[in-house]
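Both counts, for ligands and for their atoms, begin at 1 and track the order of listing.
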Amino acid sequence: MRIIKTKDYQELSKVAADIIAAQVRLKPTSVLGLATGSTPIGLYKELIRQCSEEKLDFSQVVSYNLDEYVGLSPDNDQSYRYFMDHNLFNHIDIERKNTHLLSGTAEDLEAEATAYDEAIAAVGGLDLQLLGMGNNGHIGFNEPADHFTDVTNVIDLAESTIEANSRFFSDKSQVPRRAITLGYRHIMQARLVLMVVSGEAKAETLAKVIKGEISPRVPASILRLHPNVIVVADEAALSQVGDL
Ligand code: F6R
């Protein structure tokens, strides 16, 4: 696990965007695993800038997002499809047909999950998986649990995640209780994993991820078993890790 410490969120966004941009420039047909949430917004802005000013080209890139809320249709402004369209896809030259998100309104969510895993396998897996990290250490919506679930699956969101994500909704009762998330298999099989973590609220968990026990109780800790992980985190997020 390589850890890059940045002074603040702005620098984190630039460093992480440059890693993704390098991936796309070196392999224009890259398959990217993408994330939503607050943390990637800055790096998505930087990628948009590089597209318009520095000829970064997403025209052959294929993307698969990590997760989606169950019950929210793509036109719901809290859905992750809506988030991705507005924060990235609408502003770059990626082909819409190459952008994939799980459907939270699929009639058969289990079949949706299986088909998603199969589709990622069929394109040869993910070249780069971008991850944020929840306050409780979740990656995707893989919440703390007794075991690591390999396949894409439907999960009950942890109470702390519902609380944390209620900031995006008019009130907490509006936050969906379930989500569909990529399991650990495709995350761990990605050729490069890039995790971005910002802010003091995540410092205690990030210290456990980096130095504590590898356990499904701290989902992101599994990344220490991956051969090619870069964590880009700001000083605040790394404030409880001690010496690196
Ligand atoms: C989002 C996702 C989540 C977030 C995590 C951190 O697609 O999979 O794991 O990355 O909840 O969210 P923020 O960045 O809002 O703190």
Any idea which protein heavy atom is nearest [atom], and the distance to it?
atom                   : answer
atom 6 (C) of ligand 1 : Met133 O, 3.4 Å
atom 1 (C) of ligand 1 : Thr36 OG1, 3.1 Å
atom 8 (O) of ligand 1 : Asp67 OD2, 2.6 Å
atom 5 (C) of ligand 1 : His138 NE2, 3.4 Å

- Task: Run the contact test for Met195 against ligand 1 with a 4.0 Å cut-off on heavy atoms, strictly below, and give the result.
- Result: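 No heavy atom of Met195 comes that close to ligand 1.
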- Winner among Leu157, Thr181, Thr39 once heavy atoms are compared against atom 13 (P) of ligand 1: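 Ranked by closest heavy atom to atom 13 (P) of ligand 1, first place is Thr39.
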- From the options Gly137, Gly140, Gly132, Ser38, select the one whose nearest heavy atom is closest to atom 9 (O) of ligand 1.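 The option holding the nearest heavy atom is Gly140.
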Please classify the [X] to ligand 1 contact at 4.0 Å (heavy-atom distances, strictly less than): side chain, backbone, both or neither.
X      : answer
Leu66  : side chain
Glu68  : neither
Lys202 : side chain

- Would you check if there is a donor-acceptor pair between the side chains of Asp18 and Gln50 at a distance under 3.5 Å?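 The criterion, which ignores hydrogens and geometry beyond distance, is satisfied for Asp18 and Gln50.
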- Item | Heavy-atom donor-acceptor pair, Asp234 side chain to Lys7 backbone, under 3.5 Å |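 No, because the side chain of Asp234 does not come within donor-acceptor range (under 3.5 Å) of the backbone of Lys7.
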- Message: Has Arg177 got a side-chain atom pairing as donor or acceptor with Val175's backbone, closer than 3.5 angstrom?
- Response: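 Yes; at least one donor-acceptor contact below 3.5 Å.
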- Min side-chain heavy-atom separation Ile120-Thr152 under 4.5 Å: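 SC-SC contact between Ile120 and Thr152 ruled out.
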- Message: Quick check for you: to the nearest 0.5 Å, what is the distance between Leu223 atom CG and Met133 atom CE?
- Response: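 Leu223 CG to Met133 CE: 10.0 Å, rounded to 0.5 Å.
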- Message: Ring-plane angle category for Phe141 and Tyr80, please: parallel below 30°, perpendicular beyond 60°, tilted otherwise.
- Response: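 Phe141 vs Tyr80 ring planes: parallel.
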- Do NZ/NE/NH1/NH2 and the carboxylate oxygens of Asp85 and Arg96 come within less than 4.0 Å?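 Salt bridge between Asp85 and Arg96, a charged N being under 4.0 Å from a carboxylate O: yes.
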